[in-house]
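Read through the structure below, which is laid out as structure tokens, and then see the notes.
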There are 2 protein chains.
Amino acid sequence: MSPITIRDVAKRAEVSIKTVSRVLNQEAYVKEETRAKVEDVIQELRYVASLSARRLASGQSFTIGLIVYNASWHYLHNVQKGVMETAQAHGYNVLLHPCDITIPQEIQKVLDLVHQRQVDGLIFTPPADNASALIEELKNLDVPFNRLSPTDRKSPLPYVATTDKQGAFDMTKYLIGLGHQRIGFVYGPKEQRAPHDRFSGYRQAISEANIGFEENLIVYGDDHFQSGLQAATSLLAVNSRPSAIFCNNDEMAAGAISAVFESGMRVPEDVAIAGFDNTPLAKQIYPPLTTIEQPIFQMAEVATKHLFKIINGDDLENLHVEIPTKLIIRKSTGFQR
Amino acid sequence: MSPITIRDVAKRAEVSIKTVSRVLNQEAYVKEETRAKVEDVIQELRYVASLSARRLASGQSFTIGLIVYNASWHYLHNVQKGVMETAQAHGYNVLLHPCDITIPQEIQKVLDLVHQRQVDGLIFTPPADNASALIEELKNLDVPFNRLSPTDRKSPLPYVATTDKQGAFDMTKYLIGLGHQRIGFVYGPKEQRAPHDRFSGYRQAISEANIGFEENLIVYGDDHFQSGLQAATSLLAVNSRPSAIFCNNDEMAAGAISAVFESGMRVPEDVAIAGFDNTPLAKQIYPPLTTIEQPIFQMAEVATKHLFKIINGDDLENLHVEIPTKLIIRKSTGFQR
DNA sequence: TTGTAAGCGTTATCAT
DNA sequence: ATGATAACGCTTACAA
């Protein structure tokens, strides 16, 4: 059972291997008749070209690397799906590569990936893009890459992000519209960019509504359930407690809901709770969570499409893209007060 | 900036390329002195061998394929992690390959993967192993593979599974121990094996306790939230309703909790709810869910280790492995009644 | 212990 | 429009 090679096809079709190669790669200058004959033989022999040989001979890897660090599984899942589907459409594979960017050796491994020609391009998920020395080096090596929601958005490097600030603004405005005057805010990890953007959206909505910003309604969390529970617990202990709590993500919002229940109060009657991201969790808790949808899948898709343009040397009409968020209203914020 | 090749290293180290190759592959019969010199040069030149060339020359792909169909995110995430970590330790990559086993063309793509020499072995996640024609073909082609929780466990093909029946038995017994006499059971998708195993564990515990099996306490769901909600709603409508509901997975249990709340009752005071899998969701809902932990990560790890043994032609001491589940007690089942 | 030469199965070059 | 032949960068006989 030795594998069928391009030579077998060539012999059977009575053409040269180069002609078979031309058919394989859809090159021009092949007589329709010849093409048809070769294709028939390919079918007949169930021939599939060896990827390894293609890679070696062409110098391309036909795979794109997805660099990930500390991503939540919901985030990762959607990014991976978006990248994979787009890559597949281009005949590419995806190599998922976790990388602890705080360890120099791990950074080196990403560079090895490139030097080994294992990838033709890279996609960075946050906060992996914070490895600025790596990014710099890749830029110098002229390695194609794209970034999802990077911290740095001032350099002329490409990225795809979402409207974090606008999303938080929309949510806060919605809560204000429901009649809330005192809205708690649970911050996410300070090392990341999104929590700051979201906070500034909250802040702006508060300002525009003239309801006065209160420092003691801001609490810090780490995006995980437990910290959301703690944050909400402490907010409920503030004298004249907030009537609504807006959390940096859904998981903390779930924690906040638990905190409210544990304190013997109800959601949304006593306290309204809102999240961010619209993860599956949002629909799976009681009461279902009002939140902001972040179009992760779509972002990954666009980022990958752009990456292919860069790989192919095409011009990018938009180096920087922002895909809008969307307010998703559910029961956890209740009705007009 | 043309890439550094094995020839550059050989020249600089004043040895033949074969010697460099020997050092690279940790082969025997290299003088310590020579090895050291070659390694120095490798460091100095930051040389990394081309994977494509290695693959082509050796006929190995250094990649294992992970075949997935319809997996939940939590499941997939853990499997992928287990497979990747083990693969990485062996210097292997992982190629995630979704495959709708109901479509012949997709089955063909898996075979192409093999014929293209893109993978040295495969891991199947349920219910992808149900593609029995594919499995048969792979066996005939002598392609190494391993299966996670397969439906068929009678053939001498390798697999790694968990103790679904025992887990469900443990949970049911625990509920009975709390004083429950009428325990609803929400079934999962009938096409899969696990729901049946879990049901038979439930059934056995009921029998052993002599509390009488009641057909109308069994409802069918599809493992998703909404169906759990519906299933629980219908169970609560049964006259002399169950005091506990055991769901085939956590997501449906979350739905059941929502159903109880929506009907104005409380969990666990009025109805106890239990799940299966111990997904993150179990801790993120209120009240936190009593469930059975399924060691997905560990199973994937073992399955991959075994796959490498098969690839290397080593003997498998255990062709079939079952890793135990574990009862996780939280508030959703409350205390003794 | 080390080296020479012949593949591996493609793509690329340059004729024709 | 097609073909002969040389890469691609490594591993694998087989020598030495």
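Quick note on labels: first sequence line is chain A, next is B, and so on, each numbered from 1.
Residue Tyr47(B) has a polar side-chain atom (N or O) positioned under 4.0 Å from OP1 or OP2 of dC10(D). A close approach under 4.0 Å does not occur between any side-chain nitrogen or oxygen of Ser21(B) and OP1 or OP2 of dC10(D). Using a 4.0 Å cut-off, no side-chain N or O of Thr34(A) falls inside it from OP1 or OP2 of dA1(D).
When the P atom of dT12(D) is taken as reference, atom CG of Leu56(B) falls 12 Å away, rounded to whole Å. Atom CG of Asn25(B) and atom C1' of dT2(C) are 16 Å apart (whole Å). Spacing between atom CD of Gln60(A) and atom P of dA7(D) amounts to 20 Å, rounded to whole angstrom units. Straight-line distance from the NZ atom of Lys37(A) to the C1' atom of dT2(D): 12 Å, rounded to whole Å. Summarising the geometry, the separation between CG on Asp8(A) and C1' on dC8(C) is reported as 14 Å, rounded to the nearest angstrom. Rounding to whole angstrom units, CD1 of residue Ile42(B) and P of dC10(D) are separated by 10 Å. Separating the NZ atom of Lys11(B) from the P atom of dG3(C) is a distance of 14 Å, rounded to the nearest angstrom. Between the CD1 atom of Ile17(B) and the C1' atom of dT11(D) there is a distance of 9 Å, given to the nearest Å.
Of the two residues contacting DNA chain C, namely Glu27(A) and Ser16(B), the nearest-nucleotide position lying further toward the 5' end is that of Ser16(B). Two residues, Val20(B) and Lys18(A), neighbour DNA chain D, and the one matched to the more 5' nucleotide by heavy-atom proximity is Lys18(A).
Here Arg7(A) lies in heavy-atom contact (under 4.0 Å) with a base. Residue Arg22(A) is in base contact, counting any heavy-atom pair closer than 4.0 Å across all strands shown.
If you check the side chains of Asn78(B) and Gln298(B), you find no donor sitting under 3.5 Å from an acceptor. For Arg147(B) and Thr125(B), the side-chain atoms include no donor-acceptor pair closer than 3.5 Å.
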Checking Arg153(B) against Glu322(B) for the salt bridge (charged side-chain N to carboxylate O under 4.0 Å, His left out) test, could you report, in this order, the C-alpha distance in whole Å, the side-chain angles of both residues, the deciding distance, and whether it holds? CA-CA 11 Å; Arg153(B) 299 186 192 177; Glu322(B) 283 211 336; 3.7 Å; yes

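Of the candidates dG3(C), dT2(D), dT11(D), the closest approach to any side-chain atom of Tyr29(A) belongs to dT2(D). For Ala53(B), counting side-chain heavy atoms from C-beta on, the closest listed nucleotide (dC8(D), dA1(D), dC10(D)) is dC10(D). Considering only the side chain of Ala57(A), dT11(C) comes nearest among dT1(C), dC8(C), dT11(C). Counting only heavy atoms from C-beta on, Ile6(B) has its side chain closest to dT11(D) among dT2(C), dC8(C), dT11(D).
A salt bridge between Glu301(A) and Lys81(A) is absent, with no side-chain N of the basic residue lying under 4.0 Å from a carboxylate O of the acidic one.
Between Tyr92(B) and Phe308(B), the distance from one ring center to the other falls under 6.0 angstrom.
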